[in-house]
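Okay, structure first, notes after.
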Amino acid sequence: MSTNDISENKEVEGFRQTLAEVPKAEELFDDNFDTFISCAYNNDLLDKVPAFGWLMGLTKGAQETYNEFIRYRFCKKAYNFLFFTKDINRAELDKFFREYSEAAGEDGYELLLSVIDRVDNLVKVKYLANLLKAKLEGKISIDDYIRLNTALQLVPFIDLKTLPSYTESRKEGKDTYSLFASGLLVMSNIDPKGTNSYQLSENGLLLAKYGMEKDVSKYKKGNTSISGMVTYEKVDDLNESL
């Protein structure tokens, strides 16, 4: 086993332990990561929750070099996930990770930690937490959760912000391409002479509703139409028209 493998295993175990012990220090959480770090030592956080040494140790002197800044960003995202999930029952959370591991075919803690590392925006971390809560509440399946996690990693945040605007069919724009490629949109109208239109797919609907917490009540699923097509009325009895 390489040194990197050992380091990664320690991080995964630290993440696992920290998730389990968050309720012991829930009152110390703040929605600002830097504020949390600056006051953590004064509150003897390491004594109360030793597993937090994993998080805080990674941030010590984090802005001195490029690599340390990357670690700082990672820790900031991990902390935000802990903050947004601090009120979840730990037994339910443990059950979720067992199901997640079975569905994904690998350790769920390690997988989720890698997802948190790869998302490019702190707001997406909140969406990850919201989707986790939706899974625990039975609003989405574990398969839905995995698909939507993947989509969050692939879509640039600037495009993801526009996802709720596709609740109703709208013409394609520059934001359409990444959303469509990630399975969050379906084509609602094909226009051979103009611009095609798109609407939320079932995956996109779930992400907008439960991940982004947007109002999607106007959503109405329809079949893909083609502009300019000639339509014919059905004639039950041809003789009646003669």
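From Ser201, atom OG reaches atom CG of Leu185 across 6.5 Å, with rounding to the nearest 0.5 Å. Atom CG of residue Leu122 and atom OH of residue Tyr79 lie 12.0 Å apart, to the nearest 0.5 angstrom. With rounding to the nearest 0.5 angstrom, the CD1 atom of Ile146 is 12.0 Å from the CG atom of Leu131. With rounding to the nearest 0.5 Å, the separation of NZ in Lys218 from CD in Glu168 is 5.5 Å. Considering SG of Cys75 and CD1 of Ile116, their distance stands at 11.0 Å, rounded to 0.5 Å. Rounded to the nearest 0.5 angstrom, Ile140 CD1 and Lys133 NZ are separated by 13.0 Å.
Using modelled atom types, no side-chain atom of Thr195 and backbone atom of Asp191 make a donor-acceptor pair closer than 3.5 Å. Asn80 contributes a side-chain N or O that, together with a main-chain N or O of Lys76, makes up a donor-acceptor pair within less than 3.5 Å. Between the side chain of Thr176 and the main chain of Gly173, a donor-acceptor pair closer than 3.5 Å is present. Side-chain N or O atoms of Lys77 include one that pairs as donor or acceptor with a backbone N or O of Val119 at under 3.5 Å. Between the Gln199 side chain and the Lys220 main chain, a donor and an acceptor come within less than 3.5 Å of each other.
A heavy-atom distance below 4.5 Å is found between the side chains of Leu179 and Tyr166. With contacts defined as side-chain heavy-atom distances shorter than 4.5 Å, the pair Leu152/Phe157 does not qualify.
Follow the hydrophobic side-chain contacts under 4.5 Å out from Ile158 and you never reach Tyr177; the two are in separate clusters. In the hydrophobic clustering of ILVMFWY residues, with side-chain heavy atoms under 4.5 Å counting as a link, Ile142 and Leu93 come out together. Cluster membership for Leu82 and Leu136, using ILVMFWY side-chain heavy atoms within less than 4.5 angstrom, is shared. Following chains of ILVMFWY side-chain contacts shorter than 4.5 Å, one cannot reach Leu207 starting from Leu154, and the two form parts of different hydrophobic clusters.
Checked against side chain to side chain contact (heavy atoms under 4.5 Å, CB included), Glu202 has the following partners two or more places apart in sequence or in another chain: Lys221. With sequence neighbours excluded, the residues satisfying side chain to side chain contact (heavy atoms under 4.5 Å, CB included) with Ser197 are Ser169, Lys171, Ser188, Asn189. For Thr224, the side chain to side chain contact (heavy atoms under 4.5 Å, CB included) partners two or more places apart in sequence, or in a different chain, are Ile190. In terms of the side chain to side chain contact (heavy atoms under 4.5 Å, CB included) criterion, residue partners of Thr85 (sequence neighbours excluded) are, by chain and number, Leu19, Phe81, Ile88, Ala129, Leu132.
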May I have the step-by-step check of side-chain contact (heavy atoms from CB on, under 4.5 Å) for Leu200 and Leu184, ending in yes or no? CA-CA 6 Å; Leu200 293 177; Leu184 300 177; 6.0 Å; no

For the pair Phe74 and Leu113, evaluate side-chain contact (heavy atoms from CB on, under 4.5 Å) and give the outcome as yes or no after the intermediate values. CA-CA 9 Å; Phe74 162 72; Leu113 198 60; 3.8 Å; yes

side-chain contact (heavy atoms from CB on, under 4.5 Å) between Phe97 and Leu112: does it pass, once the steps are laid out? CA-CA 9 Å; Phe97 275 104; Leu112 184 56; 3.6 Å; yes

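Open room surrounds NZ on Lys126; 12 or fewer heavy atoms of other groups in view lie less than 6.0 Å from it.
For residues 172-189, every residue pair satisfying the salt bridge (Lys or Arg N to Asp or Glu O under 4.0 Å) rule, not counting sequence neighbours, is listed here: Arg170-Asp175. For residues 91-109, every residue pair satisfying the salt bridge (Lys or Arg N to Asp or Glu O under 4.0 Å) rule, not counting sequence neighbours, is listed here: Arg16-Asp107, Asp94-Arg98, Glu99-Lys135.
A donor and an acceptor atom, one from each side chain of Ser141 and Asp143, are nowhere located under 3.5 Å apart.
Checked against the 6.0 Å centroid criterion, the rings of Tyr145 and Phe96 qualify as a close aromatic pair.
Contact between Pro156 and Asp120 at its shortest, heavy atoms only, is CA-OD2, 4.1 Å.
Using a 4.0 Å cut-off between a side-chain N of Lys or Arg and a carboxylate O of Asp or Glu, Arg73 and Asp117 do not qualify as a salt bridge.
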